[in-house]
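Throughout, residue positions are numbered sequentially from 1 according to the sequence presented.
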Amino acid sequence: MASRENGHPGVLVVTMVVVIGTFMAVLDTSILNVALPKLMVLFSVDTKEIQWILTAYMLVSGAVIPIMSYLGDNFGYRTLYAYCLASFTLGSLLCGLAWNNESLIVFRVIQALGGGLIQPASMALMFRFIPKEKMGMAMGLFGLSIAVAPSIGPTLGGFIVEDYSWRWLFMINVPLGVLGFVLCQTLLPETQKNPSSHFDFWGLLLSSSSAFLYLLALDKGQDWGWTSYSIVMLFVTATALLALLIVVELNHPQPMLDLRLFKVAQFTYGVVISSCLTILLMGGILLWPIYLQNIRGYSAMQTGVILMPQAVAMGLMMPIAGKLYDKIGARPMALVGIPLIGISTYLMHMITVDTPQSVFNVWLILRGMGLGLTFMPVNTAAIGAVPLMKSGAASTLNNLVRAVAGSFGIAMTTSLLENRQVFHLHRMVEGLDLFSPSWQVMQQSATGILAATGDTSAAQPTMLTLMYNQLQLHTNTWATADVFMAFSLSVVLVLPLAFLLKKTGSKGGPPAITE
């Protein structure tokens with residue numbers, strides 16, 4: 001099988017090796033959420049303390065991304081990927097042996113040091129080993145891990161927490177990590193090295209610090225208050241560091257973050273589109289479990305099963321999209337996939353407290369098809385637009401921007417959801433009194449619930465509690481619908497960018513970069 005350099009392995013071999021690490025790293029972002037309530041009880045900590053298990057991993061994994069291309073160019077991307085797997089696996093083992101909340105947070109940091117670099121290193125390896133004419137299909141298979149892992153995470157996590165020890169949430173990574181490390185070292189040769197004679201210390205410091213502060217502000221904005229002094233200062237400091245970073249990197253001969261890559265128009269278009277899609281993706285990942293568990297009353301396992309058709313649709317479309325990408329490029333698929341995302345998201349704004357599962361499954365499948373058609377082709381087109389020796393730097397920039405975009409998507413979704421909940425609650429109660437039709441309807445609903453449970457002699461406080469719960473269900477559902485509407489409108493802003501992508505497939509060389 002042809003490859004980009006003599007002696008390199010085939011497409012399936014490379015894809016198989018990198019999928020192992022990527023699947024573990026992506027799975028780890030969703031499998032732990034369902035275990036937090038149990039860990040709060042076991043470690044005797046409150047919500048704010050337990051959340052640092054997630055926050056620490058997110059902050060560190062984002063902050064280490066800028067150094068990826070430097071390490072890969074100097075030591076080889078195979079070595080980098082292998083030792084990222086080793087760090088992630090060691091961290092997983094230590095997390096499984098943790099004895100309190102503090103030790104688990106420390107071990108999550110070790111896990112994140114490797115986990116944050118696995119996905120960008122995987123993409124860099126693929127662009128080093130796989131021929132351009134095979135890249136679309138390979139990235140489609142690679143995308144399966146990114147599509148399936150977040151969807152099965154809550155289901156698998158719920159199963160493990162209910163039937164086994166929480167420690168297995170981390171221990172399941174150990175055999176997979178060891179397998180991935182051995183396969184990487186035995187099946188993949190080392191990539192060509194491009195040692196740097198100047199270590200860009202200030203570039204690393206400024207980029208990591210700026211990313212860390214942005215991620216922290218976006219993660220804690222809702223808890224601390226978006227207009228609080230702490231959050232405002234975090235954003236101001238992060239922005240000042242970013243401005244200084246731009247000046248430093250554009251004047252450095254061998255920058256840690258090669259911002260000159262943004263001179264390549266196709267790379268810039270791809271990064272912007274994929275970042276916008278990441279915001280939409282993270283918004284949906286957050287909203288649907290909230291709706292299904294808090295409003296519909298499903299368990300974490302049931303939620304995972306309900307969301308599985310979207311993952312299946314996304315997973316099925318990715319290899320197809322990869323095959324098509326090799327022939328026709330990213331633009332046609334983006335022009336089909338982005339409208340599918342927009343239409344399905346618009347339909348989701350019609351959601352109610354009793355929408356049939358068959359109806360929203362259709363919406364989710366359409367959304368999954370749109371994401372599957374668009375996500376990996378756009379990312380592939382972005383990184384494939386730069387010279388081969390710059391693929392590591394391009395992957396670093398792409399993943400760093402998408403990490404911040406993902407956190408922004410979660411923060412924006414949470415903030416908008418809570419604001420619309422308050423809005424609808426105020427609108428509902430402002431004209432509510434004992435004689436209003438709305439009050440009579442809610443009272444009849446609450447009476448029906450009490451009658452169904454056989455508790456017809458319930459006291460008035462119980463009746464009021466049930467009526468308040470009904471009020472909350474409706475306002476939360478309307479707020480969720482409003483957020484979906486806002487996301488569907490934002491798709492209109494993304495679609496014009498798809499017309500700027502190349503029409504042709506992946507054959508042909510990338511443009512040169514003017515230094």
Chemist: Can you give me the closest heavy-atom contact between T22 and S122, atom names plus distance?
Modeler: OG1-OG, 3.2 Å

Chemist: I'd like to know if the side chain of S87 pairs up with that of Q111 as donor and acceptor (distance under 3.5 Å, no hydrogens or angles considered).
Modeler: no

Chemist: Using modelled atom types only, decide if a donor and an acceptor are shared between the side chain of S344 and the backbone of I341 within a distance under 3.5 Å.
Modeler: yes

Chemist: Can you tell me how the ring of Y57 sits relative to the ring of F88, calling it parallel under 30°, perpendicular over 60° and tilted otherwise?
Modeler: perpendicular

Chemist: Whether the Q222 and T414 side chains hold a donor-acceptor pair (N or O, under 3.5 Å, no angle test) is what I'd like checked.
Modeler: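 Note: Q222 and T414 side chains miss the donor-acceptor criterion.
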
Chemist: With heavy-atom distances below 4.5 Å as the criterion, would you say the side chains of L416 and F487 are in contact?
Modeler: no

Chemist: Locate the shortest heavy-atom distance separating T374 from G337; write the atom from each residue and the value.
Modeler: OG1-CA, 3.2 Å

Chemist: At their closest point, which heavy atom of V17 faces which heavy atom of G180, and how far apart are they?
Modeler: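 Distance-wise, the nearest heavy atoms are CG1-O, 4.5 Å.
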
Chemist: Provide the closest heavy-atom pair for L400 versus G62 in the form atom of the first, atom of the second, distance.
Modeler: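 It is CD1-O, 3.7 Å.
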
Chemist: Please lay out, stage by stage, how T89 and L176 fare under the test side-chain contact (heavy atoms from CB on, under 4.5 Å).
Modeler: CA-CA 8 Å; T89 305; L176 282 175; over 6 Å; no

Chemist: Is any side-chain heavy atom of R128 closer than 4.5 Å to a side-chain heavy atom of Y77?
Modeler: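 Touching, per the 4.5 Å side-chain cut-off.
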
Chemist: Between D258 and K390 (salt bridge meaning N to carboxylate O under 4.0 Å), is one present in this structure?
Modeler: yes

Chemist: How many angstroms lie between atom CH2 of W52 and atom CE of M58, to the nearest 0.5 angstrom?
Modeler: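 These two atoms lie 8.5 Å from each other.
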
Chemist: Any donor-acceptor pair under 3.5 Å linking the side chain of S61 with the backbone of G115?
Modeler: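 Not a single qualifying donor-acceptor pair exists.
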
Chemist: To the nearest 0.5 Å, how far apart are CG in L244 and CD in E249?
Modeler: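 Output value for this atom pair is 9.5 Å.
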
Chemist: Does I410 reach the side chain of I279, with side-chain heavy atoms less than 4.5 Å apart?
Modeler: no

Chemist: Distance from I338 atom CD1 to L373 atom CG, nearest 0.5 Å?
Modeler: 10.5 Å

Chemist: Out of curiosity, W363 CH2 to Q310 CD, how far, rounded to the nearest 0.5 Å?
Modeler: 13.0 Å

Chemist: Can you establish whether the number of heavy atoms outside F107 located under 6.0 Å from its atom CZ is more than 12?
Modeler: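 Above 12, so yes.
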
Chemist: When you look at D219 and S407, which way does the side-chain contact (heavy atoms from CB on, under 4.5 Å) test go after all the steps?
Modeler: CA-CA 7 Å; D219 184 66; S407 294; over 6 Å; no

Chemist: Determine, stepwise, if the pair M123 / I383 fulfils side-chain contact (heavy atoms from CB on, under 4.5 Å).
Modeler: CA-CA 9 Å; M123 296 181 71; I383 300 176; 3.2 Å; yes

Chemist: Is there side-chain contact between L54 and R108, with heavy atoms separated by less than 4.5 Å?
Modeler: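 The answer is yes; the side chains approach within 4.5 Å.
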
Chemist: Pair I231, L234 - check side-chain contact (heavy atoms from CB on, under 4.5 Å), show working.
Modeler: CA-CA 5 Å; I231 295 299; L234 282 174; 4.2 Å; yes

Chemist: Just wondering, do F129 and T191 contact through their side chains at under 4.5 Å, heavy atoms?
Modeler: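 A side-chain contact exists here, since the closest heavy-atom pair is under 4.5 Å.
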
Chemist: Which value, rounded to the nearest 0.5 Å, describes the distance between L71 atom CG and C84 atom SG?
Modeler: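 Going from the CG atom of L71 to the SG atom of C84 covers 7.5 Å.
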
Chemist: Measure up the Y214 and F235 rings against each other and bin them: parallel (under 30°), tilted (30 to 60°), perpendicular (over 60°).
Modeler: tilted

Chemist: Is the backbone of S391 close enough, under 3.5 Å, to the side chain of S395 for a donor and an acceptor to pair up by distance?
Modeler: no

Chemist: Looking at L188, is its backbone amide N or carbonyl O close enough to the side chain of R78 to form a donor-acceptor pair, meaning the two atoms are under 3.5 Å apart?
Modeler: yes

Chemist: Which heavy atom of A394 sits nearest to which heavy atom of V386, and what is that distance?
Modeler: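 Taking A394 first and V386 second, the nearest heavy atoms are CB-CG2, 3.7 Å.
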
Chemist: Just by distance, do the side chain of T268 and the backbone of V264 share a donor-acceptor pair under 3.5 Å?
Modeler: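 Yes; judged by distance alone, with no hydrogens or angles, the pair exists.
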
Chemist: State whether the side chain of R367 and the backbone N or O of T345 hold a donor-acceptor pair below 3.5 Å, judged by distance alone.
Modeler: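 Such a contact is absent between R367 side chain and T345 backbone.
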
Chemist: Does the S210 side chain pair with the main chain of A238, one donor and one acceptor, at a distance under 3.5 Å?
Modeler: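 Checked: pair present.
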
Chemist: When you measure from the side chain of N379 to the backbone of F375, do you find a donor-acceptor pair of N or O atoms at a distance under 3.5 Å?
Modeler: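 Yes; at least one donor-acceptor contact below 3.5 Å.
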
Chemist: Testing V272, V271, I273 for side chain to side chain contact (heavy atoms under 4.5 Å, CB included) with V378, which one passes?
Modeler: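 So, applying the side chain to side chain contact (heavy atoms under 4.5 Å, CB included) to V378 and each of V272, V271, I273, only I273 qualifies.
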
Chemist: With heavy-atom distances below 4.5 Å as the criterion, would you say the side chains of L497 and L500 are in contact?
Modeler: yes

Chemist: Under 3.5 Å, is there a donor-acceptor pair between the side chain of Y70 and the main chain of L257?
Modeler: no

Chemist: State the CD-CG distance between E190 and L80, to the nearest 0.5 angstrom.
Modeler: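 Here the interatomic distance stands at 9.0 Å.
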
Chemist: Taking all non-hydrogen atoms of both residues into account, name the closest pair between D482 and R420 and its distance.
Modeler: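 Of all heavy-atom pairs spanning D482 and R420, the closest is OD2-NE, 2.9 Å.
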
Chemist: Is the ring centre of F484 less than 6.0 Å from the ring centre of W288?
Modeler: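 Ring centres of W288 and F484 closer than 6.0 Å.
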
Chemist: Tell me if a side-chain donor or acceptor on D200 pairs with a main-chain N or O of M256 at a distance below 3.5 Å.
Modeler: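 Yes: the side chain of D200 pairs with the backbone of M256.
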
Chemist: Considering only heavy atoms from C-beta outward, does the side chain of V64 approach that of S208 to under 4.5 Å?
Modeler: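 Of all side-chain heavy-atom pairs linking S208 with V64, none is under 4.5 Å.
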
Chemist: Is there a side-chain contact between R402 and Q119 in this structure, where contact means two heavy atoms from C-beta onward sitting under 4.5 Å apart?
Modeler: yes

